[in-house]
Amino acid sequence: MDYKGYTVYENNTGIEIEGVRDFDLMHIFDCGQSFRWLKQHDGSYMGVVGDKVSRVKFENEKLHISNSNFDDFINIWYDYFDLGTDYGEIKKTLCSKDDVMAQAIPFGQGIRLLRQDIWELLISFIISANNRIPRIMKSVETLSQSFGSKISTEEGEFYTFPSPEALSSCPINEIDICKAGFRCKYISQTSKMVRNGVVDLDTLKNMETDKARGELIKLSGVGPKVADCILLFSGTKFDVFPTDVWIKRILEVLYFKREATLKEIDQFSKKHFGSLAGYAQQYLFFFARETRIR
DNA sequence: CTGCAGGCCGGCG
DNA sequence: CGCCGGCCTGCA
């Protein structure tokens, strides 16, 4: 099957997509945008997207996705992996902006911004505050095992991410088992707020970026950084610039040449990178982590 | 034993 | 408003 520039083959193990460029699974899954893809010994990744469990492999511009057919490619994966965006063009534009980007981009040449479920991201990034990535992954997994739906496969049992209804209806002391500490009460409160329609996650895409950010910040445990992560990694807004300690440090070292406030960084990113701020953030974040700049 | 991690909240000046 | 202390938990 040919679909929007890609050739897709289907067999009994899944689908294979040819002609995938600017794509590297490690860059995609190890740049902090997703917490539910686990690297396997053979270099592939296993993950749960919605109620689907799949294994993905990539080599020689060919992307293999298990447990999937043509319809899944069109309805799920094409959008999920942002295959409709020309990252070659984005990288070219960003490289021409300044020497820092030209230096950073080759480190994460295969980065893609995943379009993930915004509800799952909301809870995942509430957990991320002042936390470490391995612990965030454990908490998300425990929440899924405890309150999600079981998916039995030949490769083991997996769990969907729990719905707003499931999380909002369980008492706070049950949320505590995910070991997210003080963030558990944020999870509980935010679940109730979403269920009650205080914030409608589906309408954020139609708002101006600042308005959408303001809506998310109404939720418990969501500040500016977490809000920007949610907007960016759900594919809702791309002109945001989530500034965590790594991004702050790398901008201070490579751009400002001095200490800078979060407000200064926010203003700089919007002025300098404009509509590509979110993409620039990902390349800089990966570069910062890889080179351990401090 | 201290220090600290992909920030946020709440209280204070 | 802007600033700053405290914070679950677990690992170094």
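A, B, ... follow the sequence lines: proteins, then strands. Residue 1 opens every chain.
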Quick one: list whatever passes salt bridge (Lys or Arg N to Asp or Glu O under 4.0 Å) with Asp42(A), sequence neighbours left out.
Arg55(A)

Separation of Arg289(A) atom CZ from dA5(B) atom C1', in whole Å?
10 Å

Starting at atom CZ of Phe182(A), determine the distance to atom C1' of dG6(C), rounded to an integer number of angstrom.
9 Å

Which residues pass the side-chain hydrogen bond (donor to acceptor under 3.5 Å, both in side chains) test with Gln109(A), not counting sequence neighbours?
none

Figure out the CG/P separation between Asp266(A) and dG7(B), and round it to whole Å.
16 Å

Let me know, please, whether Gly181(A) or Lys138(A) comes out on the 5' side of the other along DNA chain C by nearest nucleotide.
Gly181(A)

Pairwise salt bridge (charged side-chain N to carboxylate O under 4.0 Å, His left out) hits with a residue in residues 104-129 of chain A, at least two apart:
Asp82(A)-Arg115(A)

Can you measure Asp244(A) atom CG to dC4(B) atom C1' for me and round it to whole angstrom units?
15 Å

Starting from C1' on dG6(B), measure out to CG on Leu284(A) and report it in whole angstrom.
15 Å

Using atom P of each nucleotide, how far apart are dC9(B) and dG10(C) to the nearest Å?
23 Å

Using atom P of each nucleotide, how far apart are dT2(B) and dC7(C) to the nearest Å?
15 Å

Whole angstrom is fine here: how far is it from NZ in Lys179(A) over to C1' in dC11(C)?
15 Å

Does anything in residues 212-234 of chain A pair up under salt bridge (charged side-chain N to carboxylate O under 4.0 Å, His left out), and if so which pairs, sequence neighbours excluded?
Lys211(A)-Glu215(A), Arg213(A)-Asp228(A), Arg213(A)-Asp266(A), Glu215(A)-Lys218(A)

N/O donor-acceptor pair, side chain Lys225(A) with base dG6(B), under 3.5 angstrom
yes

Could you list by number each residue of residues 125-137 of chain A showing a heavy-atom separation from DNA chain C of less than 4.0 Å, or answer none if no residue does?
Asn130(A), Arg132(A), Arg135(A)

Tell me whether the count of non-hydrogen atoms from other residues, nucleotides or ligands lying under 6.0 Å of NZ in Lys138(A) goes above 12.
no

Expressed as a whole number of Å, how far does the P atom of dG6(B) sit from that of dG2(C)?
26 Å

Going by heavy atoms in the side chains, are Met1(A) and Ile74(A) under 4.5 Å from each other?
yes

Applying a strict under-4.5 Å side-chain criterion to I, L, V, M, F, W and Y, I'd like to know whether Met207(A) and Leu231(A) cluster together.
yes

Holding to side-chain hydrogen bond (donor to acceptor under 3.5 Å, both in side chains), I want the full list of residues that pass it with Thr236(A), two or more places apart in sequence or in another chain.
Ser234(A)

Can you list everything that forms a side-chain hydrogen bond (donor to acceptor under 3.5 Å, both in side chains) with Trp119(A)? Sequence neighbours excluded, please.
none

When the C1' atoms of dC4(B) and dG6(C) are considered, how many whole Å apart are they?
14 Å

Return the set of residues passing side-chain hydrogen bond (donor to acceptor under 3.5 Å, both in side chains) with Thr190(A) (not counting sequence neighbours), or none when no residue passes.
none

Starting at atom NZ of Lys263(A), determine the distance to atom P of dG7(B), rounded to an integer number of angstrom.
21 Å

Each nucleotide N or O in nucleotides 9-13 of chain B that has a protein N or O under 3.5 Å away: list the pair and distance.
{"residue": "dC9(B)", "atom": "OP1", "partner": "Gly221(A)", "partner atom": "N", "Å": "2.9"}

What is the distance, to the nearest angstrom, from the CG atom on Leu262(A) to the C1' atom on dC4(C)?
14 Å

How would you label the contact of Lys248(A) with the nucleic acid (heavy atoms, under 4.0 Å): base, sugar-phosphate, or nothing?
nothing

Arg132(A): partners by side-chain contact (heavy atoms from CB on, under 4.5 Å), with sequence neighbours left out
Pro134(A)

Linking Ile, Leu, Val, Met, Phe, Trp and Tyr by side-chain heavy atoms under 4.5 Å, what else ends up with Met46(A)?
Val48(A), Val53(A), Ile151(A), Phe158(A)

Using Watson-Crick and G-U wobble pairs with both distances under 3.5 Å, what is the 5'-to-3' dot-bracket string of DNA chain B, with [ ] for crossing pairs and | for pairs outside the strand?
.||||.|||||||

Quick one: label Cys184(A) by what it contacts on the DNA or RNA (base, sugar-phosphate, nothing), any heavy atom closer than 4.0 Å.
nothing

